[in-house]
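Presented below is the structure to which this report refers.
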Number of protein chains: 2
Amino acid sequence: MAHSRPTLADVASTAGVSVSTASLAFSGSGPIAEETRARVLAAAERLGYSGPNPLGRSLRSGRSGIAAVIIGDHLRRSFRDPVAIQVLDGLTGALGQLGLGVLLIPALPDPERPTAVDPLVESAAMDAAVLIWGFRTDDPVLAVLRRRGVPVVVGEGPSTTTAPVVSIDDQTGSAALGRHLLELGHERVAVVSLPFDAARRCGPVDAARRAQLDWAPTRHRLLGLESVGIRPTVVMEAEASLVEAGREAGLRVLQGGPGERPTAVVAQSDLLAAGVLIAARELGLRVPDDVSVAGFDGLDLPWLAPDVLTTVVQPLQARGEAMGRMVGRLLAGEEPEDMVFDVELRVGTTTAPPPPR
Amino acid sequence: MAHSRPTLADVASTAGVSVSTASLAFSGSGPIAEETRARVLAAAERLGYSGPNPLGRSLRSGRSGIAAVIIGDHLRRSFRDPVAIQVLDGLTGALGQLGLGVLLIPALPDPERPTAVDPLVESAAMDAAVLIWGFRTDDPVLAVLRRRGVPVVVGEGPSTTTAPVVSIDDQTGSAALGRHLLELGHERVAVVSLPFDAARRCGPVDAARRAQLDWAPTRHRLLGLESVGIRPTVVMEAEASLVEAGREAGLRVLQGGPGERPTAVVAQSDLLAAGVLIAARELGLRVPDDVSVAGFDGLDLPWLAPDVLTTVVQPLQARGEAMGRMVGRLLAGEEPEDMVFDVELRVGTTTAPPPPR
DNA sequence: GGTCTGTCTCGAATCGATTCGATGCGGTGA
DNA sequence: TCACCGCATCGAATCGATTCGAGACAGACC
């Protein structure tokens, strides 16, 4: 007591009341005379007691006040994508409303021990977990959380789980974009895709690779195009949703003469699309005169000015907030349904009819 | 016991041992027969017991295994800056090594109640806190943490505190950049600065505003230029370290004819510099022929290609890691000194001698 | 005066683990 | 044979709070 921080018991004895009364003075859950309360608070002030220790409180209540946000990648890679940031921002806001803090866990899969899981996933205190990025259908993280009995919300990830999923209507949005390109008259459409899985290869996709496709947004956005009858001349898998990766993929996709190369490139994210724009510029191609470029996400990319990207707008922050609210419902004992947000095609200046032959 | 999750006591009684022995089987801190241990683990497996409850463990050990990372802004604003992301990435990595999780707290100052503090800062369980962004010298967050007795490491922030600070040598780096410009022959140098404080105005800085300058990197980078004799023709404060803000400030700074406008613009971050480049392009100015532009941070900005920004490179991830290690030393009871990283001038293609008159 | 009601306070149990000191036991050396 | 030692195990205290049921007391009413 001399050295360590004061406890509620110290405060109580200083104030001349019992521990339970002192507890009441802080929590306010129960009848207490105003005068007594003031005496307790004064004693606390005097001792430099700064409120009930959260650890003791947690143990008793069984709740830690923490929601884990688990990401299957390095932060420096995932969070260079403004998409992730905005979702996270909405999520922390909504969780904050619930009184929950956000424990950030970058749960990198270890290629050498694929079933191993970050120790924090295994043992950190958490009332719920949100998987927002980069998980496989059979991800061990999911298994560990289930074993621990932690309620889980899945942001972007496998849909074949027992956890509720908050996602966007990738497929419909992609289909709308596809129709837009068809109406403009495009026949040779190339796709620069998001990664297929954690392997993060970069290169053209063949049938074998296509069969491995495990990442939900990638698959749905591809299906959307195909659903309106577009057969991509090539699907070029990018290493990550980053400008640099889009540029690299763009350079490979846009090779060839006017008769061979695609007249339109659909990138599966705005950052990839920005990279493709840069690649086109480097190759001396005019957008949209020589080639049309479209993205996905609806980011605000001022440095593309004066170009305005044709893209599919998704509600990023709202998606994060919805994930947060779903955590709340899970904790309230409900069994929420999956949730799908609508998206909207926004036509900019980067798509136009294909060049005449 | 029927409904709730099994506890160590359940496992112990199932295995036919005492609770303390069962604890030993999991923690491994103490002698235990291999055979007994196996029996305990088997019982745990049978009951679906997934390891000791972190809350109980925490209460006993007095440690939560959590380090708070506190940011004085919305995530969607701070984290759109790759600088913040890379620092955070290094930080989480280093804290992970220590077995600490990262509790992310966006502690937005409430303009109506400036002394109020996010409830999580007030009451979340944490073994240490790292303030990485956007704090004033007399920030109430710091006061609350001190009252709670939480060890604090300051990333970018007030240097006049009792907490150790991990920073970079802004001033020397800025001075090197200043000398580079002087050697090229520049006389009219404008500055596009980082925000001065949380107020986030955007506009030219007058003496009164200059006196309010409370944000360490802004001040030091300004001092560095002045220390080599550069008197900026104007200091234009930007709203945030973002491309769009840099563009806006750049448009205002680059007004005027060849004889009036600055021949060089020093932006206090690479994102701001990128915005200035865009502004110059929009105004029909060639870089570096008509105007030189320099930044700070040393980011990888592929979409500026073929330009390569002249900038001051700072070790972002290493800085984050150092902050993490400093937390470790604080927890070990040491009293670490402040830490300052060196930076390095990297000359790119965006600076050249001023145009002849 | 006695009883009842309502308000305030208290003691003790509880949350789930860790840890320290004690105990029992088989084996060794004198 | 006895004292002693080390290993494995156990019991009980402990961490810091919350909460429930019980008790004390004052005022109101019959």
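Letters A, B, ... are given to chains in the order of the sequence lines, protein chains preceding strands, and every chain is numbered from 1.
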Checklist entry - Which one, dG11(C), dG16(D), dA17(C), comes nearest to the side chain of Ser20(A)? => result dG11(C)
Next on the checklist: Can you measure Leu8(B) atom CG to dT14(D) atom P for me and round it to whole angstrom units?
Outcome noted: 20 Å
Checklist entry - How close or far is atom P of dA8(D) from atom CZ of Arg39(B), stated in whole angstroms? => result 14 Å
Checklist entry - Would one find more than 12 heavy atoms of other residues, nucleotides or ligands at under 6.0 Å from atom CZ of Arg319(B)? => result yes
Checklist entry - Any ion pair linking Arg147(B) and Glu45(A) (charged N to carboxylate O, less than 4.0 Å)? => result no
Item to check | Short side-chain N/O contact to dG16(D) OP1/OP2 from Tyr49(A), under 4.0 Å | outcome: no
Checklist entry - Want to settle it: does Arg60(B) or Ala33(A) sit nearer the 5' end of DNA chain C, counting the closest nucleotide to each? => result Ala33(A)
Checklist entry - Is a side-chain donor-acceptor pair under 3.5 Å present for Thr14(A) with Arg46(A)? => result no
Next on the checklist: Tell me whether the side-chain N/O atoms of Thr21(B) come closer than 4.0 Å to OP1 or OP2 in dC10(D).
Outcome noted: yes
Checklist entry - Could you state the CZ-P distance from Arg37(A) to dC8(C), rounded to the nearest angstrom? => result 12 Å
Next on the checklist: Can you measure Leu24(A) atom CG to dT7(C) atom P for me and round it to whole angstrom units?
Outcome noted: 14 Å
Next on the checklist: Nearest whole Å is fine: how far is dT14(C) C1' from Leu55(B) CG?
Outcome noted: 14 Å
Checklist entry - Can you check whether Leu88(A)'s main-chain N or O pairs, donor with acceptor, with Thr92(A)'s side chain at less than 3.5 Å? => result yes
Item to check | Any Arg57(A) side-chain nitrogen or oxygen under 4.0 Å from OP1 or OP2 of dT18(D) | outcome: yes
Checklist outcome for this item: Comparing Thr36(A) with Ser27(B), nearest DNA chain C nucleotide closer to 5' gives the residue Thr36(A)
Checklist outcome for this item: Atom CZ of Phe26(B) and atom P of dT19(C) are separated, to the nearest Å, by 15 Å
Item to check | Under 3.5 Å donor-acceptor, Arg148(A) side chain and Val121(A) backbone | outcome: yes
Checklist entry - So what does Pro31(A) touch, heavy atoms closer than 4.0 Å: a base, only the sugar-phosphate, or nothing? => result base
Checklist entry - Which whole-number value in Å describes the distance from Leu59(A) CG to dC15(C) P? => result 9 Å
Next on the checklist: Does a side-chain N or O of Ser18(B) approach OP1 or OP2 of dC10(D) to a distance below 4.0 Å, or not?
Outcome noted: yes
Next on the checklist: Which nucleotide wins on minimum distance to the side chain of Pro52(A), given the candidates dT18(D), dT9(C), dA17(C)?
Outcome noted: dT18(D)
Next on the checklist: Over all strands shown, is Ile32(A) touching base, sugar-phosphate only, or nothing at heavy-atom distances under 4.0 angstrom?
Outcome noted: sugar-phosphate
Next on the checklist: With a 4.0 Å cutoff (strictly under), does any side-chain N or O of Ser23(B) reach OP1 or OP2 of dT18(C)?
Outcome noted: yes
Item to check | Interatomic distance where CD belongs to Glu34(B) and P belongs to dC7(D) [whole Å] | outcome: 16 Å
